[in-house]
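Quick notes on the structure that follows.
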Amino acid sequence: MTTSNGPERGDGSPSEENTDPKSDGRPSNFIERLIEEDNKTGRFGGKVHTRFPPEPNGYLHIGHAKSICLNFALAIKFGGKCNLRFDDTNPTTEDEEYVRSIQEDVRWLGFDWEDRLFYASDFFEELYAFAVKLVRKGKAYVDNLSADDISRHRGSLYEPGRESPHRERSVEENLDLLARMRKGEFDEGTHVLRAKIDMASPNLNLRDPVLYRIRKAAHHRTGTRWVIYPLYDFAHGQCDSLEGITHSICTLEFENHRALYDWFCQELEIHHPQQIEFARLNLTYAVMSKRKLLRLVKDSHVHGWNDPRMLTISGLRRRGYTPEALRSFCDEIGVTKFNSVIDMVVLENALRTDLNRRAPRFMAAVRPLKVVVENYPEGQSEEVEAINNPEDPAAGMRKMPFSRVLYIERDDFMEDPPKKFFRLAPGREVRLRYAYFVKCTGVVKDPTTGEVVEVRCTYDPATKGGDARDGRKVKATLHWVSASHAITAEVRLYNHLFSAEHPEDVPEGQDFLVNLNPNSLEVLPNAKLEPAIAGAAPGFRCQFERLGYFCVDTDSRPGRLVFNRSVTLKDDWSKIQKRDGA
RNA sequence: UGCCGGAUCGUCUAAUUGGUAGGACAACAGACUCUGAAUCUGUGUGUCGGGGUUCAAGUCCCUGUCCGGCAACCA
């Protein structure tokens, strides 16, 4: 066997080396420029330490991948480190399951936090001490206004807020109240700790933000040890500080929180990282918010978080995406503060580019159409040699069985073809890749439906291997499989989950679900595959020639392979069809 | 009516910080081709508007317009 690249697991590693960020020296985005500036002035002693800080309340998606790549690549590029930190300050929404999946996803993407795995909950004691310090300084107070009242006192975007009647409690009373909050003496919602800043600030985040709330819920790590939990603003920056983060990179919606971030670091007199905001990733034909993804899962519009139509990392992984493709995508789209929407084809193209280079090719008729080669002896078969990967000579060759009855792709035959169709049609000759030229002599139709159920052909023995020695040309080369040797598999074709380019643009009163694409999944239970692929294991990726890149799904069972279409090949013919408005 | 941020080809993104507006993707055309793939070649009236400074402005100043975010005891 000359095959050197047979089906094997495609989830992993040997060839999937980490592609480091471009190191052409020049900063490639505004964040790198800011860091270079800090390094020049010695602001952090030339140190660069970033972190990826997910909340374990959902699965990671492609937007997180952008952040992960950014943070880890920055650390690599500047010779620093990047931590993984779970921002687990809200016990009611967080779960161990997410902690597990997030770590798996970050690792799969190719990044390593080494021994620097942190949890905000690791710092609950320190955070509490910070709160006490603030109270002692007269910069925080316990309020027992209701949530509604606090909200009402906050004012509006256009009017200043009003101070709480409890704002001027004594330090002693505040200390006492805070201690009793911690001890669990009060019910949820009755008391909060608030910073004392400025109820008239034009930045609403500075209107005495809540620092701690009472939540008598079990935390996935600290159990019932705590009944008060810090809010994001009071946890995030201080955790950054405690971990020695230098550059705290987050998305644009936290821009207005930076003033608070800075205020805490100053008042607490602790190491003060620089918060830098960038625009989150948006893609056409997709939604990205965790809330909406959760909705898709909970309402069963998809089959779970790792449904291959989901742009979660686990969904993309199952779909057949490679870490390399995702990384190069993230690199390609850049980092700015501009609220942009990336065309989905950019993502798809990143996968094509990666897989074209290294995916072995196979033949598969996913919508098989029977072809009988009339002048090929019944019961006879032979083997033809096929190239495993024309982009990679080292991938070698394999043999494919050829015989009298074959399957071709239904789309490759038309009884009455339009002008630009140059595949098989009555009277026309085409090449069966690596095998022979065949000429269509007729069709057999279903007498009731009129549907073509069989194509009749003759082959030219002189064209063996696919070459016509007489210099004869054909306009098309088709993929095919031998019917008696083929294996049957299920193939799942995926299309955009949403049919609208911007699914969230909906008329008043409707929501993004109206834009769900009813044809996002098409299951073809009777695809015919060449036998060489029979042993493929889940995760194995390959190209089905002329169709696209596919991978073996985890739903596969012995004797029953299931393939996911990861992405189609580019297809000029379908473009012509669309343009000529078929 | 407030605060913060943003605006460069269709889309994303560069521009040595005041000195030839470039790349990628898309699109189109062609070459090549045993994948209508890949590859190669070619194709662009793009700096939000109006003023100003300057020999020179995407970059600086003034002014306007449009877009996004912000009023959880979520992150």
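Note that the structure is a prediction, hence the values are computed from the model and not measured. Residue numbers start from 1 in every chain, and the chains themselves are labelled A, B, ... in the order their sequence lines are given, proteins ahead of strands.
- Residues passing the ring pair (Phe, Tyr, Trp, His ring centres under 6.0 Å) test with A:Trp263: none are found, sequence neighbours excluded.
- When the P atom is used for both B:U45 and B:G23, the distance is 14 Å, rounded to whole Å.
- Taking the six-membered ring for Trp, A:Phe264 and A:Phe130 have ring centres at least 6.0 Å apart.
- The side chain of A:Arg280 places no N or O atom within less than 4.0 Å of a non-bridging phosphate oxygen (OP1 or OP2) of B:G69.
- The side chain of A:Arg546 contributes an N or O atom lying less than 4.0 Å from OP1 or OP2 of B:G36.
- Evaluation of the side chain to side chain contact (heavy atoms under 4.5 Å, CB included) rule for A:Phe30 yields A:Arg33, A:Leu34, A:Ile276, A:Phe278, A:Val335, A:Lys337 as partners, not counting sequence neighbours.
- A:Gln543 comes within 4.0 angstrom of a nucleotide base, judged by non-hydrogen atoms across all strands.
- Taking for each of A:Thr353 and A:Arg258 the nucleotide of RNA chain B with the nearest heavy atom, the 5'-most of the two is the partner of A:Arg258.
- For B:A27, one of the phosphate oxygens OP1 or OP2 lies less than 4.0 angstrom from a side-chain nitrogen or oxygen of A:Lys575.
- Taking the ring centroids of A:His219 and A:Phe124, they lie under the 6.0 Å cut-off.
- Remark: RNA chain B takes part in the stems B:2-7 with B:65-70, B:10-13 with B:22-25, B:27-31 with B:39-43, B:48-52 with B:60-64, each of 3 or more antiparallel Watson-Crick or G-U pairs, criterion distances under 3.5 Å.
- In this structure, A:His64 contributes its side chain and A:His61 its backbone to a donor-acceptor pair below 3.5 Å.
- Remark: A:Arg182 is positioned above the aromatic ring of A:Tyr128, its terminal NZ or CZ atom under 6.0 angstrom from the ring centre and at most 45 degrees off the axis.
- The 12-atom threshold is exceeded at CZ of A:Arg410, counting heavy atoms of other residues, nucleotides or ligands nearer than 6.0 Å.
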Set out, line by line, the N/O atom pairs under 3.5 Å between protein and nucleotides 10-12 of chain B.
unit_1 : atom_1 : unit_2   : atom_2 : d
B:U11  : O2'    : A:Val341 : O      : 3.4
B:C12  : OP1    : A:Val341 : N      : 3.3
B:C12  : O2'    : A:Ile333 : O      : 3.1

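- Using a 4.0 Å cut-off, some side-chain N or O of A:Lys570 falls inside it from OP1 or OP2 of B:A26.
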Per-nucleotide protein contact along nucleotides 70-75 of chain B, 5' to 3', at a 4.0 Å heavy-atom cut-off (B base, S sugar-phosphate only, - neither), is BBSBSB
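- At the phosphate of B:A15, OP1 or OP2 sits under 4.0 Å from a side-chain N or O atom of A:Arg33.
- Atoms CG and NE2, from A:Leu260 and A:His236 in turn, are 13.0 Å apart once rounded to the nearest 0.5 Å.
- Ring centroids of A:Tyr261 and A:His257 are separated by 6.0 Å or more, keeping the two rings apart.
- Residues satisfying the side chain to side chain contact (heavy atoms under 4.5 Å, CB included) criterion with A:Leu569, sequence neighbours excluded, are A:Gln543, A:Tyr549.
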